[in-house]
> 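My structure is below; once you've seen it, I'll send some questions.
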Amino acid sequence: MFLKFYEHGLTYKKEAAVNWCPSCHTVLANEQVVDGHCERCETMVEKKKLSQWFFKITDYAQRLLDDLENMPGWPDKVKIMQQNWIGRSEGCQFELKIEGHDEVLTVFTTRPDTIFGVTYMVLAPEHPLVETISQGTAQEKAVQDFVHRMAFVSDVSRTSTETKKEGVFTGAYAINPMNDERIPIWIADYVLMDYGTGAIMAVPAHDQRDFEFARQYQLPIRVVIKGEDTPEDGELLTEAYEGDGVMINSGRYNGLSVEEGKQQISAAIKQMGIGENTVNYRLRDWLISRQRYWGAPIPIIYCDDCGIVPVPYDKLPVHLPEDIEFKPSRESPLNYVKEFYETSCPQCGKPAHRETDTMDTFVCSSWYFARYCSPHSSDLPFTREAVDYWMPVDQYIGGVEHAILHLMYSRFFVKFLKDINMLSCDEPFTNLLTQGMVLKDGAKMSKSKGNTVSPEEIIERYGADTARLFILFAAPPERDLEWNEQGVEGCFRFLNRIWKMVSTCADLIVDVELPADPGAYKELDPAAKKLRFKTHATIKKVSEDLEGRFSFNTAISFIMELSNTINAYLNEKELDLPVLKEAVETMITLLNPFAPHISEELWAMIGHSDILYHQPWPQWDENALVQDEIEMAVQISGKVRDHMTIPVNTPKEEVEALALALPRIQELTKDKKIVKIIVVPDKLVNIVAK
RNA sequence: GCCGGUGUGUCGGAAUUGGCAGACGAGACGGACUCAAAAUCCGUUGUCCGCAAGGACGUGUGGGUUCGAGUCCCACCACCGGCACCA
């Protein structure tokens with residue numbers, strides 16, 4: 001995989017200030033840094049300049065974004081998180097001349113309409129022009145000090161909105177291409193080198209960050225967009241005005257709206273040949289090097305003569321040495337394994353050395369599902385035929401914590417694999433369910449918090465069926481679930497009740513033959529008919545809840561209801577044994593996915609010698625769901641006042657008449673005028689009376 | 001700050017399309033069984049008024065649409081999650 005990306009120019013090595021976790025002793029991708037802390041061990045990450053391997057995921061930014069539109073099977077939450085992470089923004093990139101220098105300064109802005117409001121420029125401290133333009137000015141020393149200091153400030157504190165912005169004048173000036181004004185060039189911590197061009201035009205009147213900086217360093221603030229009640233004098237502003245309005249102080253563009261201004265000024269910039277409309281993404285390339293032992297080796301050899309040489313395909317895979325020693329330095333032990341490290345150059349044959357960094361484990365998890373489709377393929381990672389048959393995955397289940405890690409990396413991989421013709425789907429996972437976590441005392445179970453519940457203990461005490469039943473019953477799958485001992489107890493009791501109930505009636509039904517033709521159930525006494533209705537209503541509800549809805553908790557509650565109904569039926573004087581048997585069998589069968597062990601036992605107990613798991617899922621009989629009579633609610637002006645039991649499909653007029661004839665309704669409406677009557681067939685009737 | 005999501009009894013949660021809110025489970029209370037306890041079984045359990053029949057109120061708050069709103073619309077509050085100096 002790595003070589004494929006490499007061949008297509010999507011893998012590159014570059015020196016950059018990267019995220020370094022001092023505790024894990026490795027670098028991390030942007031996605032693995034949460035609030036400035038390491039995703040794994042929560043240590044504060046540092047910045048370190050290192051030469052590292054990257055995957056060019058940014059080349060796929062637009063497609064990763066666009067295709068989210070066609071993924072109805074994914075939760076919006078996850079799609080929005082990916083959208084934000086990719087962070088597309090449209091704007092205009094253009095060049096400015098620097099007074100007294102040949103170099104030009106390139107900036108990116110989403111607000112070209114505010115170009116007449118530029119009162120200073122800002123470069124990131126790491127910007128390559130910083131040294132050149134400050135050289136020989138009175139500011140040179142101050143600039144050097146500032147740049148030096150910034151190199152040691154962590155990204156977290158630098159990019160925090162809380163910390164005060166800091167900057168220093170470079171001594172140089174740029175020329176505003178629209179009005180030839182001289183604009184001082186500053187450097188400041190609030191501009192980031194790795195976004196856009198690392199340089200901005202500052203418009204303090206219409207950008208809050210620029211506004212704060214300008215106020216702090218007494219830089220001028222010029223209003224160029226007039227909102228409804230905003231002052232025209234920048235000195236009177238209390239905060240930047242970022243809303244819509246009419247352009248002012250902008251020469252021949254005065255009077256235009258923000259939208260018109262954006263278009264016309266970027267058109268002018270393009271015409272002048274100094275810039276064009278561009279799109280920027282917040283998404284950065286994926287840093288995949290790791291200084292860990294565990295991980296796929298990066299198949300690269302460094303040769304003094306040939307440089308970077310990929311390991312040839314016939315020498316793959318590169319195996320990790322197993323005879324290794326972990327040193328307390330926590331450096332990757334691969335650096336000390338000569339047999340691994342030392343090798344020869346595949347091109348010239350001279351002694352060379354291997355890359356000792358390994359790949360981020362997310363690389364491997366980005367395509368394992370394709371490998372799963374053809375696990376036995378030995379010469380290829382997977383065969384085209386197998387992936388085309390199985391992929392994409394119909395239903396994927398995982399935690400939300402992977403929303404912008406695994407789930408985006410995998411999408412990137414699949415798109416690339418499609419591009420190089422290794423598979424033919426656009427997306428890896430058609431439907432996604434983000435399941436919740438199991439919590440104890442309101443927190444994620446973890447050893448360090450000491451709030452774990454050991455599965456062995458639960459299984460020992462209640463059995464695996466109870467544990468499974470509780471987990472599925474306590475909350476819908478996408479929600480977090482609080483582990484509750486009493487709830488577990490409740491599920492255990494439920495299974496015990498069923499066991500007892502089936503035990504007591506097994507003798508009654510064990511030899512009963514169920515009629516093959518459902519028509520045989522026609523003549524039933526009311527109690528039996530009710531039970532049969534419940535049986536089939538339960539089949540329907542449980543089937544519907546499992547299919548697509550994944551509503552396991554409600555499915556289980558319906559089975560509990562059926563069990564309660566059967567239990568009540570057993571008190572009847574006359575039992576209809578086929579109906580009873582059908583109900584009991586159905587209950588056991590529906591319970592099978594949730595409590596496989598006990599349901600198999602019960603299945604055997606009522607006389608079956610085959611395995612329940614092999615039985616087909618029960619089908620409901622629509623005829624059993626047809627009721628003769630139905631209870632309707634009778635409302636007066638939206639409030640339920642009475643009920644009546646009437647035949648189903650009673651015509652509207654009759655329902656109205658019956659409702660009005662009820663003594664209670666007569667009583668309550670006798671002094672009132674009936675305005676109108678609404679009948680919802682077989683549900684309720686609402687009499688509007690004044 | 002921006003963008004999402006959620007808000008229902010004592011608790012976990014139902015209510016799938018605007019149609020009887022609180023299914024199912026837990027907890028609590030009362031009763032049966034027991035010398036007693038546990039387990040089990042039966043009953044009650046949204047709040048308030050009432051001996052009762054019944055009534056009033058009730059899905060975060062305030063308003064709106066509708067014969068009818070937990071569900072739709074507007075504003076606000078609280079909590080959770082994501083992003084956060086991205087120009």
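Chain naming here is simple, since letters A, B, ... match the order of the sequence lines and numbering starts at 1 in each.
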> A:Arg284 near the nucleic acid: base, sugar-phosphate alone, or nothing, with a heavy-atom cut-off under 4.0 Å?
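The answer is base, as A:Arg284 lies within the cut-off (heavy atoms under 4.0 Å) of a base atom.
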> List in chain and number order the residues that pass ring pair (Phe, Tyr, Trp, His ring centres under 6.0 Å) with A:Phe558, two or more places apart in sequence or in another chain; answer none if no residue qualifies.
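Ring pair (Phe, Tyr, Trp, His ring centres under 6.0 Å) check on A:Phe558 returns nothing, list empty.
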> Let's test your reading of the model: under 3.5 Å, does the base of B:C67 pair with the side chain of A:Asn686 as donor and acceptor?
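Answer is yes: a donor-acceptor pair is held.
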> Where each residue is assigned the nucleotide of RNA chain B containing its nearest heavy atom, which of A:Asp480 and A:Val640 is assigned the position nearer the 5′ end?
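Nearer the 5' end of the strand: A:Asp480.
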> Identify which nucleotide among B:C42, B:A14, B:U16 has an atom closest to any side-chain atom of A:Asp545, counting heavy atoms from C-beta outward.
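Output: B:U16.
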> Which part of the nucleic acid, if any, lies within reach of A:Asp194 when heavy atoms closer than 4.0 Å are counted: base, sugar-phosphate only, or nothing?
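Since no nucleic acid heavy atom lies under 4.0 Å of A:Asp194, the category is nothing.
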> Looking at every strand, decide which applies to A:Gly490 at a 4.0 Å heavy-atom threshold: base, sugar-phosphate, or nothing.
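The residue A:Gly490 makes sugar-phosphate contact but no base contact.
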> Pick base, sugar-phosphate or nothing for A:Ser551, based on heavy-atom distances below 4.0 Å to the nucleic acid.
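Since no nucleic acid heavy atom lies under 4.0 Å of A:Ser551, the category is nothing.
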> As a test of reading the structure: which of B:A23, B:C83, B:C41 is closest to the side chain of A:Trp85, going by heavy atoms?
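Out of B:A23, B:C83, B:C41, the nucleotide with an atom closest to A:Trp85's side chain is B:C83.
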> Once the angle between the rings of A:Tyr217 and A:Phe213 is folded into 0 to 90°, is it parallel (under 30°), tilted (30 to 60°) or perpendicular (over 60°)?
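Rings of A:Tyr217 and A:Phe213: tilted, 30 to 60°.
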> Specify the glycosidic conformation (syn or anti) of B:G9, with syn defined as within 90° of 0.
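Here the answer is syn: the torsion falls within 90° of 0.
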> Considering every strand and a 4.0 Å limit on heavy-atom distances, what is the contact class for A:Gln635: base, sugar-phosphate, or nothing?
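It contacts base atoms.
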> How close or far is atom P of B:G1 from atom CD of A:Gln208, stated in whole angstroms?
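These atoms are roughly 12 Å apart.
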> Look at the side-chain N and O atoms of A:Arg664 and state whether any lies under 4.0 Å from the OP1 or OP2 oxygen of B:G55.
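Checking B:G55 against A:Arg664, a side-chain N or O does come within under 4.0 Å of OP1 or OP2.
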> List the residues meeting side chain to side chain donor-acceptor pair (under 3.5 Å) with A:Ser543, not counting sequence neighbours, and say none if there are none.
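Side chain to side chain donor-acceptor pair (under 3.5 Å) list for A:Ser543, sorted by chain: A:Trp617.
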> Please confirm whether the shortest side-chain N or O distance from A:Asn84 to OP1 or OP2 of B:G4 is below 4.0 Å.
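Answer no for this pair, as no side-chain N or O of A:Asn84 is under 4.0 Å from OP1 or OP2.
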> Return yes if the base of B:C67 and the side-chain atoms of A:Lys676 contain a donor-acceptor N/O pair under 3.5 Å, otherwise no.
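In this structure, the two groups form no donor-acceptor pair.
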> When you get a sec, tell me which of B:G19, B:G25, B:A15 is the closest nucleotide to the side chain of A:Arg549?
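The answer is B:A15.
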> Give one of base, sugar-phosphate or nothing for A:Glu561, where a contact means two heavy atoms less than 4.0 Å apart.
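Answer is sugar-phosphate: A:Glu561 comes under 4.0 Å of backbone atoms only.
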> Determine the contact category for A:Leu481: base if any of its heavy atoms lies under 4.0 Å from a base atom, sugar-phosphate if only primed atoms, P, OP1 or OP2 are that close, otherwise nothing.
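The residue A:Leu481 makes no contact with any strand.
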> Answer with base, sugar-phosphate or nothing: what part of the nucleic acid does A:Glu631 contact at a heavy-atom distance below 4.0 Å?
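Result for A:Glu631 = base.
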